[in-house]
K.L.:
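First the structure, then my questions, so here it is.
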Protein chains: 2
Amino acid sequence: MLSALGEVFRAHGYEGASLALISEATGLGKGSLYHFFPGGKEQMAAEVLGSIDAWFVTEIYRPLRKASDPRGGIADMFAGVDTYFRSGRRVCLIGVVALGNARDLFADRVKEYFVAWVDALALALRKLGHSPTVARHLAEQAVLEIQGALVLARAVNDRKVFSRALMRSHRRLMLTRPERSQRRSI
Amino acid sequence: MLSALGEVFRAHGYEGASLALISEATGLGKGSLYHFFPGGKEQMAAEVLGSIDAWFVTEIYRPLRKASDPRGGIADMFAGVDTYFRSGRRVCLIGVVALGNARDLFADRVKEYFVAWVDALALALRKLGHSPTVARHLAEQAVLEIQGALVLARAVNDRKVFSRALMRSHRRLMLTRPERSQRRSI
DNA sequence: CGGAAATTGTACCTATTGGTACAAAATATC
DNA sequence: GATATTTTGTACCAATAGGTACAATTTCCG
């Protein structure tokens with residue numbers, strides 16, 4: 001049910017997703033909707049955001065952290081992201097909320113989502129020998145490129161923009177050599 | 001008047017910007033609003049998007065194209081962008097619309113904005129000796145990084161994320177050397 | 001089966017939405 | 001100063017917003 005809900009918010013934004021649309025998309029009447037979400041629309045959105053965050057944690061962040069092979073973990077991340085965002089056809093709801101007017105309502109969850117992503121990726125990069133600072137900046141850069149690619153791909157309506165950006169991002173991450181003096185074991 | 005209007009749309013999105021908010025922000029009553037914008041809210045948004053596009057054309061794209069010194073032109077672009085987006089505190093309305101539910105209404109203008117940006121930057125990069133394809137990809141990458149930086153900076157509420165991204169983007173553009181065999185005069 | 005609990009549909013509520021009508025007021029023009 | 005034009009405030013409108021109340025139904029479980 002949360003996934004149908006998520007698609008409505010994705011397609012119409014928080015404000016744009018009216019209860020009528022939500023009801024239609026989920027097949028649930030108002031009675032049921034307010035039975036499962038006594039907190040109303042805000043609770044619906046909060047749970048959707050939570051479920052997205054949870055998905056990324058288990059499917060992307062955790063594997064990324066645990067990977068004994070950081071290169072493979074990073075490759076899996078890019079593959080997972082490409083699948084999740086349907087090669088750019090699907091938008092990032094968290095990013096949409098971050099830019100939109102409902103940001104204040106969900107600021108904590110939005111921030112946590114991105115911080116966790118950067119942290120997980122930075123950890124993998126440190127395993128590759130990068131210093132903490134460089135790893136963090138590289139991770140930040142990669143995450144931001146994904147978000148930007150989603151915006152641009154959607155704006156010009158060309159999903160190739162998205163896949164190209166993913167490939168460039170992945171390649172640069174693999175090609176950037178850690179400074180010798182900063183290499184360390186973790 | 002368009003600038004006050006723009007800030008309302010920026011702050012609340014297209015759907016979120018109610019006529020009440022618009023009226024308050026502009027100091028204009030409904031009577032005046034519908035006198036100047038007979039097309040209603042949609043016309044208001046269209047004119048705002050148009051004025052933003054026009055600003056970028058004259059302040060960013062055109063100088064970028066005309067610059068006899070491409071390096072300087074690119075530096076001016078980054079400086080202009082940093083100022084315009086108030087170092088990440090201000091969001092890109094065109095990007096917001098691109099992600100939001102009003103995208104279809106303004107798809108053409110949104111696309112044109114980004115295409116023109118990529119084109120102008122790619123032209124400057126060609127003057128630096130890059131092949132058309134490489135120039136286009138580098139330009140696409142830079143534009144997308146700016147959009148992503150806006151998303152991420154706002155999501156984690158840290159404008160340093162934005163300025164760091166701008167610096168990295170600028171630096172990489174300057175440091176990427178064109179392939180000898182592809183250098184050409186224009 | 002029978003009772004308890006979870007689930008659902010319907011009717012209803014108030015506030016607000018974007019938009020219109022139009023007369024009053026302000027402003028410009030001669 | 002009279003006239004024509006632009007600009008504004010006010011009162012309205014139907015539609016929809018999110019939300020509540022609650023009885024009727026369905027499902028669960030002993």
Side-chain angles (χ1 to χ4, degrees), chain A residues 1-52 91 93-94 96-110, chain B residues 1-52 91 93-94 96-110:
Chain A
M1 171 193 351
L2 282 183
S3 83
L5 217 42
E7 294 311 321
V8 188
F9 283 118
R10 232 182 279 273
H12 300 94
Y14 179 68
E15 297 236 322
S18 68
L19 286 195
L21 284 170
I22 292 171
S23 183
E24 185 191 2
T26 58
L28 261 37
K30 278 193 184 185
S32 312
L33 245 19
Y34 276 84
H35 174 72
F36 293 115
F37 305 97
K41 203 171 142 178
E42 185 173 336
Q43 186 186 350
M44 299 180 207
E47 291 200 17
V48 165
L49 292 182
S51 80
I52 293 174
V91 92
L93 181 53
I94 319 263
V96 171
V97 170
L99 286 187
N101 50 316
R103 193 195 76 121
D104 297 348
L105 272 177
F106 309 108
D108 289 348
R109 226 183 270 272
V110 165
Chain B
M1 172 191 349
L2 281 183
S3 84
L5 217 40
E7 293 311 320
V8 188
F9 283 118
R10 229 183 281 274
H12 300 93
Y14 179 69
E15 298 235 323
S18 67
L19 287 194
L21 283 170
I22 292 173
S23 183
E24 186 191 1
T26 57
L28 260 38
K30 278 194 183 184
S32 312
L33 246 18
Y34 276 85
H35 174 72
F36 293 114
F37 304 97
K41 202 171 142 178
E42 185 174 335
Q43 185 187 351
M44 298 179 206
E47 292 200 15
V48 165
L49 292 182
S51 79
I52 293 174
V91 94
L93 180 54
I94 319 264
V96 171
V97 170
L99 288 185
N101 48 316
R103 194 196 74 123
D104 296 349
L105 272 177
F106 309 108
D108 288 348
R109 224 182 271 271
V110 165

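Chain naming here is simple, since letters A, B, ... match the order of the sequence lines and numbering starts at 1 in each.
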K.L.:
What distance do B:Leu28 atom CG and B:Phe37 atom CZ have between them, rounded to the nearest 0.5 Å?
P.N.:
8.0 Å
K.L.:
Using atom CD of B:Glu15 as one end and atom P of C:dG19 as the other, report the distance to the nearest whole Å.
P.N.:
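To the nearest whole Å, that distance equals 12 Å.
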K.L.:
Nearest whole angstrom, please: distance from the P of C:dT17 to the CG of B:Leu21.
P.N.:
7 Å
K.L.:
Taking all atoms of both residues into account, what is the closest heavy-atom pair of A:Ile22 and A:Ala17, and its distance?
P.N.:
CD1-O, 3.7 Å
K.L.:
Name the orientation class of the two ring planes belonging to A:Phe106 and A:Tyr14 (parallel below 30°, tilted from 30 to 60°, perpendicular beyond 60°).
P.N.:
perpendicular
K.L.:
Rounded to the Å, how far apart are B:Glu24 CD and C:dG18 P?
P.N.:
14 Å
K.L.:
Would you jot down, in residue-number order, the residues of residues 31-51 of chain B having a non-hydrogen atom under 4.0 Å from DNA chain C?
P.N.:
B:Tyr34, B:Gly40, B:Lys41
K.L.:
Counting only heavy atoms from other residues, nucleotides and ligands, does the tally under 6.0 Å from CD of B:Glu24 exceed 12?
P.N.:
no
K.L.:
Return the value, rounded to whole Å, for the distance between atom CG of A:Leu19 and atom P of D:dG19.
P.N.:
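A:Leu19 atom CG is separated from D:dG19 atom P by 6 Å.
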K.L.:
Is there, by distance only and without an angle test, a donor paired with an acceptor across the side chain of A:Lys30 and the base of D:dG19 below 3.5 Å?
P.N.:
yes
K.L.:
Under a 4.5 Å cut-off applied to non-hydrogen side-chain atoms, are A:Ser23 and A:Lys30 in contact?
P.N.:
no
K.L.:
For the atom pair NZ (A:Lys41) and CG (A:Leu105), what is the distance rounded to the nearest 0.5 Å?
P.N.:
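Here the interatomic distance stands at 10.5 Å.
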